[in-house]
Amino acid sequence: MRTFEEKTIGRSQFLICGLQPDETVDTVSLGMMANNRISGLLPMIMQQVDGIPRFQFDITGKQPFVQYLSEPGNGGNPLELLGQIASIVDTLQEYMIEEGQLVFDDRYIYVDQEKRVFLICVPCGGQKDGAVSFREYCSSVVSFLSADCRPPAAQYQALIDYLAGTVFAPRDFSEEIKKALVRSAVERSKSNAAPVVLERSTQNRASSGPDVLRHNDRTTPAQLDHTVFSGEQNRSVPGQIILRRNSEPVPDSGTVLLQKDGLLGQMDAIQAEEELTTPLPRNKPTVRGFLRRQSTSEKIEITRMEFRIGKSYHDVDYRIDGNPAVSRYHAKIIRRGDDFFIVDTNSKNHTYVNRNLIDSNHEVLLTDATSIRLANEEFVFLLSR
């Protein structure tokens with residue numbers, strides 16, 4: 001098990017650790033950390049002490065996650081922070097930083113005053129025996145929060161089911177957390193809110209001013225002359241929302257839209273759309289993108305808005321097997337509408353488009369019949385309309 005010691009230098013506080021006897025420095029991940037400002041990682045300096053590398057992490061102004069979990073009055077949601085951690089782990093794969101180089105321990109995951117999470121990355125060899133994997137860490141945190149009923153345990157069931165499944169990816173787990181937060185917000189809204197109906201009010205209103213409506217128990221949305229209203233919180237009366245008439249009517253809908261800030265506001269909008277509004281058909285993409293792998297003639301459809309390619313067994317959408325020259329997370333194809341772009345994700349042997357080397361982390365537009373080379377693996381990009 002890796003050990004850390006805290007050290008105060010002037011007004012700054014640091015966490016220090018060294019390599020274990022059988023470990024060596026991973027120069028690839030060390031270079032990534034030195035040459036990139038990676039969001040979600042604690043700033044680190046490597047020093048040599050008697051010829052032994054030691055890593056110094058700046059934790060000034062931050063508190064351990066275990067302390068955050070033990071203080072229910074901290075004004076945040078621990079599940080949101082766990083979602084941040086999942087997003088950080090997912091992003092770090094683009095920098096070829098392995099999960100085993102991260103420390104998943106509540107004592108050494110830190111949260112600052114703005115509720116941002118920071119992880120420790122020790123740039124050494126892969127995961128050691130006995131080290132906690134990210135999946136195991138997520139399971140322990142979800143179990144703790146569920147048992148502590150923050151929010152009610154029922155909201156965690158989807159997370160528990162996902163973690164018990166056969167497939168796990170940080171990106172997908174982050175999406176599951178977002179869904180759990182939505183469910184929690186909806187349930188709290190339903191349990192806390194009184195029935196909402198509306199009443200026209202003419203008090204304190206100029207003849208030319210907007211209509212003002214307030215909640216009561218008599219008027220239904222169908223009696224509001226099919227008018228769309230925007231809402232604002234009445235600061236003088238807690239819990240009351242004032243709705244103001246917008247300028248344009250929406251015929252034959254009877255829809256009332258309430259605008260609020262934050263997650264609960266998003267949920268109100270979703271509920272309003274589901275319950276009261278007939279949605280218009282959405283414009284679907286008119287083209288499909290494919291890759292044809294030249295060595296096997298395999299045709300691969302680009303099925304995600306961000307499609308990852310590499311030789312890793314995890315967290316890629318297409319795995320290139322049998323080619324050691326390809327990086328674990330070599331490149332990704334991004335879709336925006338009917339346009340497709342390729343991005344080299346800091347691969348070791350580079351990415352080429354139409355035989356031209358492309359810069360890492362820069363988007364390059366793909367057109368029909370574009371040739372792509374990942375290291376020495378040849379593809380052709382195809383569009384189908």
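Counting from 1, the numbers follow the sequence of the chain as shown. Just so we're clear, the structure is a prediction, and the values are computed from it rather than from any experiment.
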Apply side chain to side chain donor-acceptor pair (under 3.5 Å) to the pair Q56 and R54, showing each step before the final yes or no.
CA-CA 7 Å; Q56 182 173 289; R54 288 172 65 84; over 6 Å; no
Would R2 and V122 satisfy side chain to side chain contact (heavy atoms under 4.5 Å, CB included), going step by step from the backbone distance to the final call?
CA-CA 10 Å; R2 194 175 302 281; V122 181; 3.7 Å; yes
For side chain to side chain contact (heavy atoms under 4.5 Å, CB included), just list the numbers for D58 and L15, CA-CA rounded to whole Å, side-chain angles, deciding distance to a tenth of an Å, and then say yes or no.
CA-CA 7 Å; D58 188 351; L15 203 65; over 6 Å; no
Show your working on side chain to side chain donor-acceptor pair (under 3.5 Å) between T367 and T370 and close with a plain yes or no.
CA-CA 6 Å; T367 56; T370 296; 3.2 Å; yes
Give the C-alpha distance, both sets of side-chain angles, the deciding distance and a yes or no for side chain to side chain donor-acceptor pair (under 3.5 Å) between T8 and Q13.
CA-CA 4 Å; T8 300; Q13 193 171 11; 4.8 Å; no
Checking side chain to side chain contact (heavy atoms under 4.5 Å, CB included) for the pair L163/C138: CA distance, chi angles, key distance, verdict?
CA-CA 8 Å; L163 290 166; C138 292; 3.9 Å; yes
Can you list the steps and then say if I177 with L159 is a side chain to side chain contact (heavy atoms under 4.5 Å, CB included)?
CA-CA 7 Å; I177 288 178; L159 297 180; 4.0 Å; yes
For a side chain to side chain donor-acceptor pair (under 3.5 Å) check, start with the C-alpha distance between N376 and N323, then their side-chain angles and the critical distance, and finish with the verdict.
CA-CA 8 Å; N376 58 359; N323 190 336; 2.9 Å; yes
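V326 and F381 end up in the same hydrophobic cluster when Ile, Leu, Val, Met, Phe, Trp and Tyr side chains are linked at under 4.5 Å. Under a hydrophobic-cluster definition in which Ile, Leu, Val, Met, Phe, Trp and Tyr are linked whenever side-chain heavy atoms come within less than 4.5 Å, directly or via other members, V380 and I333 are assigned to different clusters. Residues I334 and L382 do not share a hydrophobic cluster, defined by chaining ILVMFWY side chains whose heavy atoms lie under 4.5 Å apart. Clustering ILVMFWY residues whenever any of their side-chain heavy atoms sit less than 4.5 angstrom apart, transitively, puts I302 in the very cluster that holds V287. Taking hydrophobic clusters as Ile, Leu, Val, Met, Phe, Trp and Tyr residues chained together by side-chain heavy-atom distances below 4.5 Å, L102 shares a cluster with L81.
Between Y352 and I372, every side-chain heavy-atom pair lies at or beyond the 4.5 Å cut-off. Put simply, the side chain of F307 does not reach to within 4.5 Å of the side chain of F340, judged on heavy atoms. Contact of the F55 side chain with the I45 side chain is not registered, since no non-hydrogen atoms from C-beta on lie closer than 4.5 Å. Side chains of V132 and D105 form no contact here, defined as non-hydrogen atoms less than 4.5 Å apart. With a 4.5 Å cut-off on side-chain heavy atoms, I300 and F379 count as touching. Side-chain contact between L42 and K62 is present, with heavy atoms from C-beta onward closer than 4.5 Å. No side-chain heavy atom of D317 sits under 4.5 Å from any side-chain heavy atom of T303. The side-chain heavy atoms of R308 and R171, taken from C-beta on, include a pair separated by under 4.5 Å.
Q294 places no side-chain N or O within 3.5 Å of a backbone atom of E378 that could act as its donor or acceptor partner. Between the side chain of D90 and the main chain of A86, no donor-acceptor pair closer than 3.5 Å is present. Between the D344 side chain and the N346 main chain, a donor and an acceptor come within less than 3.5 Å of each other. Side-chain N or O atoms of N36 include none that pairs as donor or acceptor with a backbone N or O of I38 at under 3.5 Å. Between the side chain of S174 and the backbone N or O of P170 there is no donor-acceptor pair closer than 3.5 Å. Looking at D368, its side chain does come within 3.5 Å of a backbone N or O of L383 through a donor-acceptor pair. Judged purely by atom type and a 3.5 angstrom limit, N349 uses its side chain to pair as donor or acceptor with the backbone of A325. Although no hydrogens or angles enter the test, the distance criterion places no donor-acceptor pair under 3.5 Å between the side chain of R293 and the main chain of S295. The main-chain N or O of S347 is never found under 3.5 Å from a side-chain atom of T351 such that the two would form a donor-acceptor pair. Judged by distance alone, the side chain of K332 and the main-chain N or O of I309 form no donor-acceptor pair under 3.5 Å.
Annotation: cation-pi pair R335/F341 absent, no NZ/CZ under 6.0 Å from the ring centroid and within 45° of its normal.
Between the CZ atom in R135 and the OG atom in S140 there is a gap of 13.0 Å [rounded to 0.5 Å]. With rounding to the nearest 0.5 Å, the separation of CD in E301 from CG in L291 is 10.5 Å. Put simply, CG on L79 and CD on E176 are 11.0 Å apart, with the number rounded to the nearest 0.5 Å. To the nearest 0.5 Å, the span separating CZ on F14 from CE on M44 amounts to 13.0 Å. Rounded to the nearest 0.5 Å, atoms CD1 (I59) and CG (D112) are 13.0 Å apart. Rounding to the nearest 0.5 angstrom, the gap separating the CD atom in Q101 from the CE atom in M96 is 11.0 Å.
Between R116 and E114, at least one side-chain nitrogen of the basic residue sits less than 4.0 Å from a carboxylate oxygen of the acidic one, meeting the salt-bridge criterion.
Taking the six-membered ring where the residue is Trp, F134 and F173 present perpendicular rings, their angle passing 60° and hence far from 30°.
For the residue pair Q157/Y162, the side-chain donor-acceptor check at 3.5 Å is not satisfied. Side-chain atoms of S29 and Y95 form no donor-acceptor pair, as typed in the model, at a separation below 3.5 Å.
Between Y108 and the options F4, F57, F118, Y137, a ring pair (Phe, Tyr, Trp, His ring centres under 6.0 Å) holds for only F4.
Surrounding CD of Q48 are more than 12 heavy atoms belonging to other residues, nucleotides or ligands, all under 6.0 Å away.
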